[in-house]
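All figures in this text were calculated on a predicted structure; none of them were measured in a lab. Chain identifiers are assigned alphabetically (A, B, ...) following the order of the sequence lines, protein sequences preceding nucleic acid strands; residue numbering begins at 1 within each chain.
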Protein chains: 2
Amino acid sequence: MSVHGLKLAPPDCGDCPIRHRAVCSRCDGPELARLEEMKYYRSFEAGQNVVWSGDRMDFVASVVSGIASLTQTMEDGRRQMVGLLLPSDFVGRPGRGVAPYDVTATTDLVMCCFRRKPFEEMMVTTPHVAQRLLEMTLDELDAAREWMLLLGRKTAREKIASLLAILARRDTGLKAKAAKGPISFDLPLTREEMADYLGLTLETVSRQMNALKRDGVVELAERRRIVVPNFDRLAEETGDDSDGGFLS
Amino acid sequence: MSVHGLKLAPPDCGDCPIRHRAVCSRCDGPELARLEEMKYYRSFEAGQNVVWSGDRMDFVASVVSGIASLTQTMEDGRRQMVGLLLPSDFVGRPGRGVAPYDVTATTDLVMCCFRRKPFEEMMVTTPHVAQRLLEMTLDELDAAREWMLLLGRKTAREKIASLLAILARRDTGLKAKAAKGPISFDLPLTREEMADYLGLTLETVSRQMNALKRDGVVELAERRRIVVPNFDRLAEETGDDSDGGFLS
DNA sequence: GGGCGCATTTGATCCTGATCAAGGCAATCA
DNA sequence: TGATTGCCTTGATCAGGATCAAATGCGCCC
C-alpha cells in the first residue's frame with residue numbers, strides 16, 4: 001500500500017524499518033551489522049519541524065513510528081504537501097546535502113537515522129542497498145504521479161474520497177477492498193493539512209467531508225474518527241478505475 | 001536542467017545517452033561493452049503511441065532524440081500529463097513488467113532500448129548502474145514534487161509562465177538565467193498538450209499565453225515560436241522563489 | 001466554572017477558470 | 001481553386017471552489 005510511496009512494513013518487521021526495506025529482503029551478514037552500528041534514533045513531537053527546505057541535511061532516515069509530511073511553500077505562503085511519510089518510509093537523499101522541502105512531524109514521530117557520509121560509503125560496497133532504494137524510489141515516483149492526476153484533474157469531492165480511500169486501505173492492510181464489513185480509522189491530519197495535501201482550502205475540505213457524510217459514504221463519529229460502511233461505495237467516488245490498479 | 005527529471009545529456013555525449021547517464025560517469029570497461037551489445041533502437045513518429053497503460057513492457061529505454069510524454073487518463077477522458085521525457089531520459093522500470101501510464105511520442109522520437117531481463121541481470125553484477133539510476137530517479141521525484149506544487153497551488157498565469165521558463169532554460173542550457181539577451185525557442189507542445197500538462201483547459205492556455213504576450217512578457221512570433229525578451233521578467237511571473245532553486 | 005485557544009462548521013459573496021459555441025488561419029489535398 | 005482538417009483564438013456564460021466573516025464546539029488551564 002502506498003501514500004506517496006509509503007509502503008507498510010511487513011508485519012513481521014522488527015523496530016528499524018531500514019533493515020527490512022533496504023537490506024533484509026535481499027541479504028544477510030555483515031551489511032546488517034554495519035547498518036546496526038550506524039543507526040541512531042531521533043524523536044519529534046507532533047507539529048515539530050524536522051528540517052527546513054534549504055537546510056543542510058547530513059543524514060538519511062527511515063520512519064519508525066508516526067507520520068511526517070513533506071511540504072513546499074511559496075513566498076506568499078501558499079503551501080502544498082508533496083508527500084506523507086509513514087512507518088518504514090525513507091527520507092533523505094544519498095548524494096545531496098540540502099533538503100528540497102520542509103519535513104514536519106504530523107504526529108509524534110520516531111525516525112531511525114544514519115549519517116549520510118557513512119551511509120553513502122556503505123552503498124558503494126553493498127549494491128543491494130542501492131537496488132532496494134531504487135525500487136522504493138520508483139514506487140514513490142509512481143505515487144507522486146498518481147497524485148499529479150488528483151491535483152490536476154479531480155474535483156474536490158473526488159480528492160477527498162481518494163484521500164479517505166487511501167487512508168482506509170492503509171489502516172486495514174491490502175485486503176481492504178475485499179473486506180465487506182465497515183472500516184474505521186483515525187484521521188491523522190487536520191482539515192488544513194488535508195487541504196494542503198489536496199490542493200484545496202480547509203473550508204472546501206470541511207464542506208465536502210460533510211457532503212460525503214450526508215450522502216452516507218462515510219460516517220464522522222468523532223472529529224477525527226472515520227467509519228466507511230461500504231468501501232466500494234467510497235471507491236466509486238474517487239474517479240479512479242474500478243480495478244484499483246495493477247498489482248505488479 | 002529538468003522537466004520532470006529530464007536532464008540534458010552533456011554536450012560531449014555520443015549517440016546513446018544511457019551510456020553516459022547510467023554508466024559512463026562512473027566506470028569504463030566491460031560493462032560498457034555489454035550495454036553496447038544489448039542495445040537496439042526504435043523510432044516513432046510524432047503522435048504515435050509507444051506503450052499503453054497496462055501493457056506488458058519488456059524493455060527499458062533511454063530517449064535519444066525527440067520528446068515523449070507520460071500521461072494518465074481517467075475513465076471519462078480527463079487527462080493529466082505526468083512527465084515529459086527529453087533526450088537522455090530514462091523510461092521503464094527494472095523489476096516491473098507493466099506500464100503504469102501511456103507513453104506517447106510528442107515529436108518524432110528515437111529511443112535506445114534494452115530488453116528488461118538482461119538489463120536487470122546486468123544491474124545485479126554492475127552496481128554503478130543501479131546507483132546511477134537511483135540518482136536519476138531521485139531527480140525525477142523532485143521534479144514531480146515541484147510539479148505537484150504547480151498543479152495544486154499556482155494560478156493559470158503562473159502555470160504557463162513556469163512551463164515557458166522551464167522550456168526556455170532547457171533550450172539555452174543551464175546559464176539561461178544569467179543570459180541578458182532575449183531567448184527564443186520552439187514550443188514542442190500543442191495548446192492541448194500544454195493544458196494536459198498544467199491541469200488546465202486549452203482555452204485557458206490560449207488566453208493566458210496571449211495575456212503574457214499583451215503584457216510584454218513573451219512574444220509569439222509564429223504559432224510555435226516563443227521569444228522571451230527578458231528572462232527575469234518571465235521568472236517573476238512563475239511565483240517561484242527568485243533564487244531559482246539550490247544547486248546541489 | 002469561566003475564559004481562552006484551536007479546530008471545525010456554516011453562511012454569503014466573489015472570481016478564476018471551465019464550458020459551450022463560433023470563427024480564423026494555415027497546410028494539405030482533391 | 002475550393003474543400004477539408006487541425007490548431008488556435010475569441011466571446012459569452014456558468015459553476016466550482018476561494019475568500020471573507022461569523023459562529024460553534026471542545027479541550028485545557030487557571
Side-chain angles (χ1 to χ4, degrees), chain A residues 45-48 69 74 76-80 104 106-107 150-164 186-215 218-226 237 239, chain B residues 45-48 69 74 76-80 104 106-107 150-164 186-215 218-226 237 239:
Chain A
E45 287 173 23
Q48 216 180 339
S69 63
M74 292 171 70
D76 60 6
R78 281 176 281 176
R79 289 162 54 87
Q80 178 63 51
T104 309
T106 293
T107 64
L150 177 145
L151 290 172
R153 295 302 187 193
K154 287 190 179 179
T155 65
R157 184 179 174 105
E158 288 168 340
K159 287 178 176 182
I160 301 282
S162 299
L163 178 58
L164 293 179
D186 282 317
L187 200 56
L189 304 171
T190 66
R191 298 287 183 266
E192 185 170 20
E193 286 165 338
M194 292 175 70
D196 284 344
Y197 202 23
L198 299 170
L200 298 170
T201 59
L202 75 168
E203 293 96 330
T204 297
V205 170
S206 177
R207 276 187 254 268
Q208 295 296 338
M209 291 277 286
N210 287 305
L212 288 174
K213 178 183 172 187
R214 267 198 306 282
D215 299 344
V218 298
E219 292 157 25
L220 307 178
E222 299 139 66
R223 273 287 181 293
R224 296 293 189 86
R225 188 87 197 156
I226 306 283
E237 298 281 352
Chain B
E45 288 173 20
Q48 217 180 339
S69 63
M74 292 171 69
D76 60 5
R78 281 176 281 176
R79 289 163 55 86
Q80 177 64 50
T104 310
T106 294
T107 63
L150 177 145
L151 290 172
R153 294 301 187 196
K154 287 189 179 179
T155 65
R157 175 183 256 249
E158 288 169 340
K159 286 178 176 182
I160 301 282
S162 299
L163 178 57
L164 294 179
D186 282 316
L187 201 55
L189 304 171
T190 66
R191 297 287 183 265
E192 186 171 19
E193 286 164 338
M194 292 175 70
D196 284 343
Y197 202 25
L198 299 171
L200 298 170
T201 59
L202 74 166
E203 293 95 331
T204 298
V205 170
S206 178
R207 276 186 253 267
Q208 294 296 338
M209 290 275 289
N210 287 305
L212 288 174
K213 177 183 172 187
R214 268 199 304 283
D215 298 345
V218 298
E219 292 157 25
L220 307 179
E222 298 140 68
R223 276 283 183 296
R224 297 292 191 85
R225 188 86 197 156
I226 306 284
E237 298 282 352

According to side-chain contact (heavy atoms from CB on, under 4.5 Å), who are the partners of B:T201, at least two apart in sequence or on a separate chain? B:E203, B:T204

Take atom [atom1] of [X] and atom [atom2] of [N], then tell me their distance rounded to the nearest Å.
X      : N      : atom1 : atom2 : result
A:I160 : D:dG16 : CD1   : P     : 16 Å
B:L200 : D:dG16 : CG    : P     : 18 Å
A:R78  : D:dG17 : CZ    : P     : 18 Å
B:R225 : C:dA26 : CZ    : P     : 18 Å
B:L198 : C:dA18 : CG    : C1'   : 15 Å
A:E158 : D:dG17 : CD    : C1'   : 14 Å
A:K213 : C:dT9  : NZ    : C1'   : 10 Å
A:D76  : D:dT19 : CG    : C1'   : 15 Å

Contact class for A:G47 (heavy atom, under 4.0 Å): base, sugar-phosphate, or nothing? nothing

Just by distance, do the side chain of B:R79 and the backbone of A:R153 share a donor-acceptor pair under 3.5 Å? no

Do B:R191 side-chain atoms and B:L202 backbone N/O form a donor-acceptor pair below 3.5 Å? no

The helix from C:dG1-D:dC30 to C:dA30-D:dT1: angle between end helix axes, five pairs per end, rounded to 10 degrees: 20°

Output all residues satisfying side chain to side chain donor-acceptor pair (under 3.5 Å) with A:D186, sequence neighbours left out; order by chain, then residue number. A:R225

According to side chain to side chain donor-acceptor pair (under 3.5 Å), who are the partners of B:R78, at least two apart in sequence or on a separate chain? A:E158, B:D76

Less than 4.5 Å apart, any side-chain heavy atom of B:E193 and any of B:S69? no

CD1/B:I160 to OH/B:Y197 distance, rounded to the nearest 0.5 angstrom? 13.0 Å

Within this structure, what is the CE-CG distance for the pair A:M194 and A:L164, rounded to the nearest 0.5 Å? 5.0 Å

For nucleotides 7-15 of chain D, 5' to 3', base contacts (B), sugar-phosphate-only contacts (S) and non-contacts (-) with protein non-hydrogen atoms under 4.0 Å give -SBBBB---

Donor-acceptor pairs under 3.5 angstrom involving side-chain atoms of residues 208-215 of chain B: please list them, not counting sequence neighbours.
unit_1 : atom_1 : unit_2 : atom_2 : d
B:N210 : ND2    : B:S206 : O      : 2.9
B:D215 : OD2    : B:R157 : NH2    : 2.1

